[in-house]
Amino acid sequence: MPESAHEIHARAVDALRSPAVHEWGTWPFEGPVRPRALAAPGPEPQRDGEDGVDCSACAKPDSDYVWTDDRWRLMALEPTGLPLILILEPRAHHDGPADLPDDLAREQGIMLGRVERAVLSVGEIGRVHIGRWGEGAAHLHWWFIARPAGLPQLASSMAEIWDDVLPPTPHEVWRENVARVAEAMQRG
Ligand SMILES: [Zn+2]
């Protein structure tokens, strides 16, 4: 039997741990931390475009994307601390890998590699973190998070926090990064 939210909460609420984050090379902050109180279980939040209703991604025009084809669209987020963050979506509304038709699922595997290569083609990229959470929006979207080469302190799960700690990438640099991705995607 899997644990319910109430069972997890009851077991954990008074047993939260404080990991030694100050010893982690990638931890972005100084000073001690203590965990927040564990909130009581509640309903799952409403996501954008649940069941395809009023979906923001479905409604976006192709002009909002840096590259599109018949089945996929690739978008760049506005400049943040990391060099580049891109979002890959199937054109059709699907919630996640679990509900993709087989042909699209096969193509998804190819697309993940193709977008990673395009991000690496920007240059000065150490790693491309690829993730899918689906917590805020129901329309399947893959994150491509570019971690700069030569700054391993920004590695792994802390990269997204460093993204908010570092000042935003200058607009002209970001525009060039996006243009290189678009070029690489065109080349195929
Ligand atoms: Zn959608």
Side-chain angles (χ1 to χ4, degrees), residues 19 21 23-30 33 45 47-49 55-58 60 62-69 71-91 93-98 100 104-105 107-188:
V21 288
E23 291 174 8
W24 300 358
T26 57
W27 180 248
F29 305 105
E30 294 280 3
V33 297
R47 300 182 304 168
D48 179 275
C55 176
S56 303
C58 284
K60 281 201 182 99
D62 277 7
S63 54
D64 284 5
Y65 293 78
V66 299
W67 172 89
T68 63
D69 74 2
R71 298 224 280 259
W72 298 91
R73 301 199 290 178
L74 183 66
M75 184 169 60
L77 300 193
E78 288 296 303
T80 53
L82 295 175
L84 203 55
I85 297 184
L86 296 157
I87 301 278
L88 176 71
E89 300 165 349
R91 192 177 276 279
H93 188 95
H94 296 285
D95 194 320
L100 277 186
L104 213 52
E107 217 172 88
Q108 173 182 262
I110 293 167
M111 290 303 299
L112 293 178
R114 189 170 165 192
V115 175
E116 184 183 29
R117 282 192 297 277
V119 176
L120 289 170
S121 80
V122 166
E124 302 295 340
I125 305 296
R127 295 273 180 273
V128 184
H129 300 162
I130 301 175
R132 180 268 177 173
W133 288 265
E135 297 281 18
H139 194 120
L140 173 59
H141 55 293
W142 286 95
W143 293 77
F144 292 79
I145 299 167
R147 197 267 287 162
L151 292 171
Q153 188 184 14
L154 315 187
S156 299
S157 54
M158 292 301 132
E160 284 175 76
I161 299 178
W162 279 106
D163 188 47
D164 286 319
V165 174
L166 297 172
T169 301
H171 232 277
E172 60 277 15
V173 175
W174 173 82
R175 259 198 308 271
E176 214 172 289
N177 291 349
V178 172
R180 284 190 190 169
V181 166
E183 261 173 49
M185 291 303 293
Q186 304 291 3
R187 280 200 305 272

Rounded to the nearest 0.5 Å, what separates atom CD in Glu89 from atom CE in Met75? 5.0 Å

So for atom CZ, which belongs to Arg127, do other residues, nucleotides or ligands contribute more than 12 heavy atoms lying within a distance under 6.0 Å? no

Any side-chain heavy atom of Arg91 sitting closer than 4.5 Å to one from Thr68? yes

More than 12 foreign heavy atoms under 6.0 Å from CH2 of Trp174: is that the case here? yes

Nearest heavy atoms of Leu140 and Pro90, plus distance in Å: O-CD, 3.2 Å

Should Glu78 and His171 count as side-chain neighbours, where that means a heavy-atom distance under 4.5 Å? yes

Taking all atoms of both residues into account, what is the closest heavy-atom pair of Gly188 and Arg114, and its distance? CA-NH2, 3.5 Å

Given 3.5 Å as the limit, does a donor-acceptor pair link the side chain of Arg73 with the main chain of Asp64, or not? no

What I'd like to find out is whether the side chain of Trp162 reaches to under 4.5 Å of the side chain of Gln153, using heavy atoms alone. yes

Could you tell me if the side chain of Val181 sits less than 4.5 Å from the side chain of Asn177, heavy atoms only? no

Please give me the minimum heavy-atom distance between Ser121 and Ala184, naming the atom from each residue. OG-CB, 3.5 Å

Interatomic distance, Met185 atom CE to Arg117 atom CZ [nearest 0.5 angstrom]: 9.0 Å

Could you walk me through whether Arg71 and Met111 satisfy the side chain to side chain contact (heavy atoms under 4.5 Å, CB included) test, starting with their C-alpha distance in whole Å, then the side-chain angles of each, then the deciding distance to 0.1 Å, before giving a yes or no? CA-CA 11 Å; Arg71 298 224 280 259; Met111 290 303 299; over 6 Å; no

Before you tell me yes or no, could you show the steps for Gln186 and Trp67 under side chain to side chain contact (heavy atoms under 4.5 Å, CB included), namely the whole-Å CA-CA distance, both residues' side-chain angles and the distance that decides it to 0.1 Å? CA-CA 8 Å; Gln186 304 291 3; Trp67 172 89; 4.1 Å; yes

Separation between NE2 (His141) and CG (Asp95), nearest 0.5 Å, reads 10.0 Å

Could you grab the distance from atom CD1 of Ile130 to atom CG of Leu112, nearest 0.5 Å is fine? 5.5 Å

Separation of Leu88 CG from Trp143 CH2 (nearest 0.5 Å): 12.5 Å

So do the side chains of Ile87 and Trp142 get within less than 4.5 Å of each other, counting heavy atoms only? no

When you measure from the side chain of Arg147 to the backbone of Leu154, do you find a donor-acceptor pair of N or O atoms at a distance under 3.5 Å? no

May I have the step-by-step check of side chain to side chain contact (heavy atoms under 4.5 Å, CB included) for Ile125 and Leu84, ending in yes or no? CA-CA 9 Å; Ile125 305 296; Leu84 203 55; 5.6 Å; no

Give the C-alpha distance, both sets of side-chain angles, the deciding distance and a yes or no for side chain to side chain contact (heavy atoms under 4.5 Å, CB included) between Leu82 and His129. CA-CA 11 Å; Leu82 295 175; His129 300 162; over 6 Å; no

Any idea which heavy atoms bring Gly49 and Ala138 closest together, and the distance? O-CB, 3.4 Å

To the nearest 0.5 Å, how far apart are CD1 in Ile145 and CD in Glu160? 4.0 Å

How about Ile161 and Phe29: do any of their side-chain heavy atoms sit closer than 4.5 Å? yes

Kindly give the heavy-atom pair with the smallest separation between His93 and His139, and that separation in Å. ND1-ND1, 3.3 Å

Indicate yes or no: at least one non-hydrogen side-chain atom of Pro83 is less than 4.5 angstrom from one of Glu124. no

Please find the pair of heavy atoms, one from Phe144 and one from Glu116, that lie closest to each other, and give the distance. CE2-N, 4.0 Å

